[in-house]
Amino acid sequence: MSSSHAAQIKGHLLAQVRELFQIELDDLAAEIPPKTELGDLAFPVAFELAKRLKAATGEKQNPRELAQKLADALASLDGVARVEVAGAGYLNIFLDRGRMFADLISMGDDPGAGTETGKLIVEHTSINPNKAAHIGHVRNAVLGDTTVRILRAAGETVEIHNYIDNTGVQVADVVVGFIHLEKKSLEEIRALAGRPFTTREEGFDYYCWDLYSRVGAWYEEDKTRLELRAKTLHEIEAGGNATAEIGELISSRIVDCHLDTMARLDISYDLLARESEILHLHFWTHAFEKLKESGAIVFETEGRNKGCWVMRAEEEALPGAEESEHDADKIIVRSNGTVTYTGKDIAYHLWKLGKLGLDFHYRLLRRDHRGRNVWITTGDEASARHDHPPFGNGTSFLNVIDVGQSYPQANVKRGVMAIDHDERVARSAHLAYEKVTLTPAAAIELGTELSEADSQRQQIGMSGRKGLGVKADDLIDRLEEDALKEVQARHTDLGLEGQRHIAHQIAVAALRFFLLKYTRTSIIAFDFNDALSFDGETGPYIQYSAVRANNIFRKLGRTPDDLRQDFQATSVEQCNRFFSGESGNDLWSLVYFASRLNEVMHVSAAGFEPTHVARYAFQLAKQFNLFYHNFHILREEDEARKLCLLMVADLVRRRLQKALALLGIETPERM
RNA sequence: GCGCCCGUAGCUCAGUUGGAUAGAGCGUUUGGCUACGAACCAAAAGGUCGCAUGUUCGAGUCAUGCCGGGCGCACCA
């Protein structure tokens, strides 16, 4: 509402500028004054006008005088209480508080504006299925999942994919570990993968975590062992042999583990797309034909890339580029005829956009923690099901992948756009985010011995290869334990099940918020103290505020819906009384801030930056806590004022819960 | 060599298209619970926004050049 209101005022202002000064402005900057006392909306339009008028007439103009002329013309506008000129020439608008508040109360949550741009395919998580997930993988998943929640709330149609690289080097390494290092048979591995476990360490994903790092060290001892990797990888890619069967067993079981881990954080997927199917269903050969036809790739007959199909770099390949150590052209098919990763990824993305002319087969993998179907691709037509939802055929895609992959991602998009010229594809993006690293203290806590060089560094990179990292399940376990202690100290009357449930909700809030409070481009140097905190700028702080707001109504014994009926009789004039004076300003600034959730949500959606919603939620919680201390609602004796305060609490309560929901965080019954 | 990201309080980080006195959390010091639950609130201290020029009414934000840190630039994935 406030955003449409602002748009309305803006339109009126533009018309006034046209009429009074004969100047046509494209758009107006609108901002929110630093203090409530200064108004609700501010336009620095007079500065721009003064400049334009001086350019046209050569006469110097006083911005304050110009602003005053506009102020007079705007004062009578509907919904505007008054207009002031402030500072060097700001045009400050005061809204009709009582009226806007009444509108907010009766309105409920307004839906996002549907964009009608077709289906957006968001790919996230995409962890190599060869070991347990760590905190860096969780950043990816939380970022992707939260972005999807925000996009959907903003009216987008989204399909969630999790790409499974089940035929890659990382899986091959673990296969090598089982076969050559541990000398285990298929049956022994199957038993290991299926055995029940009581501790995390006994879990198959944890077992593989250790094995993977042991294999890395084993290669180091004798580099000729790397030939085993190449051979194993080749067998896995080819399929239909014993090695491939082991790879399939391992990757499938690890994918299960990953899905279980992510479910703990309320993260799920519509479809798991596997690389094995992209290979076996010959996606590449189709893509290859299309790329050749379109001229996107060319066959080099001379030079360094002789015998390869390459995607040429953009025009301005500098003279003397041949001399350069690095080549701007991207090889898609090697001179030996094999296709590179970029080529395969282009094929996959053409499928995402329905431009490949081929489809996967699908089978139902599981029902997730919320009872929704999770599908997975299969190459085996016999076991496939036909009652699956329509997958793919998106109009654009969004890939949540760390920033290190920017270069290959740019190449994939370039290749796809050479074939699919739809302007909506241009919307497609690589949602790049920075890594999670470890502080030296965290690395030591994990039992690593730091080298001389490492201890001098600000941060240390996690490494699956070295087995260095904070495992997701370990961290969630610790958060749940800590939260359980707090809950048990506060709510002795709840049974253990109830206490555990709340502790879980708090743990999820703590972890998700911890990963969302940073901007995507900021490296998170993981520190146990920060991550395990429930105080201050944290998810539990926000939950606590929402729970407090709910408690007011519980204590009162009335539901907000009930009270809303009562409030209908309250006049706008009476409301305005409560929003005047010093305490009225404080009250109003809370209401006004609460009214901006949708605005923030749309900004967040447009920039694929969930942190805006996260930070907004924190600020709203903070402002609510201030209100909570300054206005003791249930002790208020003036009944009309009490009702108004209750409505403020209800408005904030609803917005807080919605903001938390957008972040994938639940509001506990009690805390 | 080319490209991208980061540099803001002791620490970790915000700062929407340039706007009014640069903000928060943690930490430090001090005060507030017979409670709409203190997982909270209040107050204090803490800044040459890496450096330098420039653009303009106005720069943490834009441009150019430096300095410092991280990461890319495979016939790997």
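First the proteins, then the strands, lettered A, B, ... as listed; each starts at 1. Since this is a predicted model, take the numbers as computed values, not measurements. All values below were derived from every heavy atom in this structure, side-chain atoms included, with hydrogens, water molecules and symmetry-related copies excluded.
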Can you measure [X] atom [atom1] to [N] atom [atom2] for me and round it to whole angstrom units?
X      : N     : atom1 : atom2 : value
A/I32  : B/G23 : CD1   : C1'   : 16 Å
A/F513 : B/G25 : CZ    : P     : 12 Å
A/I542 : B/C40 : CD1   : P     : 12 Å

What's [X] touching, base or sugar-phosphate or nothing? Going by heavy atoms closer than 4.0 Å.
X      : value
A/V45  : nothing
A/A42  : base
A/K306 : base
A/Q170 : nothing
A/F514 : nothing
A/P408 : base

Watson-Crick/G-U partner (both atom distances under 3.5 Å) of [N]:
N     : value
B/C4  : B/G70
B/G58 : none
B/U64 : B/A52
B/A9  : none

Taking side chain to side chain donor-acceptor pair (under 3.5 Å) as the definition, give me every residue that meets it alongside [X], ordered by chain and number, with sequence neighbours left out.
X      : value
A/E37  : none
A/Y616 : none
A/N625 : A/Y541, A/S545, A/R548
A/D40  : A/W588

Query raised in the report: For RNA chain B, what residues of residues 503-510 of chain A have any heavy atom nearer than 4.0 Å?
Result: A/I506

Query - Proximity to RNA chain B (any heavy atom under 4.0 Å), residues of residues 435-443 of chain A only - result: none

Determine whether the side chains of [X] and [Y] contain a donor N or O and an acceptor N or O closer than 3.5 Å.
X      : Y      : result
A/Y163 : A/N399 : no
A/S276 : A/N166 : yes
A/D535 : A/S533 : no
A/Q61  : A/K51  : no
A/R512 : A/T146 : yes
A/Y433 : A/R139 : no
A/T521 : A/E434 : no

What nucleotide among [options] has an atom nearest to a side-chain atom of [X]?
X      : options             : answer
A/K35  : B/U21, B/A20, B/A24 : B/U21
A/K622 : B/A20, B/A39, B/G25 : B/G25
A/L626 : B/A39, B/A42, B/G70 : B/A42
A/T340 : B/A14, B/G19, B/A77 : B/A77
A/F47  : B/A20, B/A39, B/G19 : B/G19
A/E31  : B/A14, B/G19, B/A39 : B/G19
A/H629 : B/A20, B/C40, B/A14 : B/C40
A/N305 : B/C40, B/C75, B/G25 : B/C75
A/D165 : B/A20, B/C57, B/A77 : B/A77
A/F534 : B/G25, B/A77, B/A39 : B/A39

Query raised in the report: Relative to the 5' end of RNA chain B, which residue comes earlier, A/T611 or A/A489, by the nucleotide with the nearest heavy atom?
Result: A/T611

Query raised in the report: For B/A35, does either OP1 or OP2 sit under 4.0 Å from a side-chain N or O belonging to A/R548?
Result: no

Query raised in the report: Below 4.0 angstrom from OP1 or OP2 of B/A39, is there any side-chain N or O of A/Y544?
Result: yes

With rounding to the closest Å, how many angstrom separate the [atom1] atoms on [N] and [M]?
N     : M     : atom1 : result
B/C49 : B/U61 : C1'   : 10 Å
B/G23 : B/G15 : P     : 15 Å
B/U12 : B/U55 : P     : 36 Å
B/A22 : B/U64 : C1'   : 25 Å
B/U29 : B/G72 : P     : 42 Å
B/A45 : B/G10 : P     : 15 Å
B/U17 : B/G54 : P     : 25 Å
B/C26 : B/G18 : C1'   : 31 Å

Taking only residues two or more places apart in sequence, or in another chain, which ones meet [X] in a side-chain contact (heavy atoms from CB on, under 4.5 Å)?
X      : result
A/L25  : A/L14, A/V17, A/I23, A/L28, A/V45, A/E48, A/R52
A/V333 : A/W284, A/F288, A/W309
A/T342 : A/K330, A/I332, A/T340, A/I346, A/N411, A/V412
A/L626 : A/N630

Requested in this report: For A/N92 and A/L38, indicate whether the former's side chain and the latter's backbone hold a donor-acceptor pair under 3.5 Å.
Outcome: yes

Report task. Please state whether the rings of A/Y90 and A/F47 are parallel, tilted or perpendicular, taking 30° and 60° as the class boundaries. Result -> perpendicular

**Report entry** Aromatic ring of A/Y541 stacked on base six-ring of B/A39, 5.5 Å, 30°
**Finding:** no

Query - OG-NZ distance between A/S522 and A/K517, expressed to the nearest 0.5 angstrom - result: 10.5 Å

Requested in this report: If a protein heavy atom is under 4.0 Å from the base, mark B; if only from the sugar-phosphate, S; if neither, -; do that for nucleotides 58-63 of chain B going 5' to 3'.
Outcome: ------

Report summary line: Its contact letters, B for base, S for sugar-phosphate only and - for none at protein heavy atoms under 4.0 Å, make nucleotides 6-11 of chain B read S-----

Hey, is the side chain of [X] pairing donor to acceptor with the base of [N] inside 3.5 Å?
X      : N     : value
A/S406 : B/C4  : no
A/R615 : B/A24 : no
A/N92  : B/A20 : yes

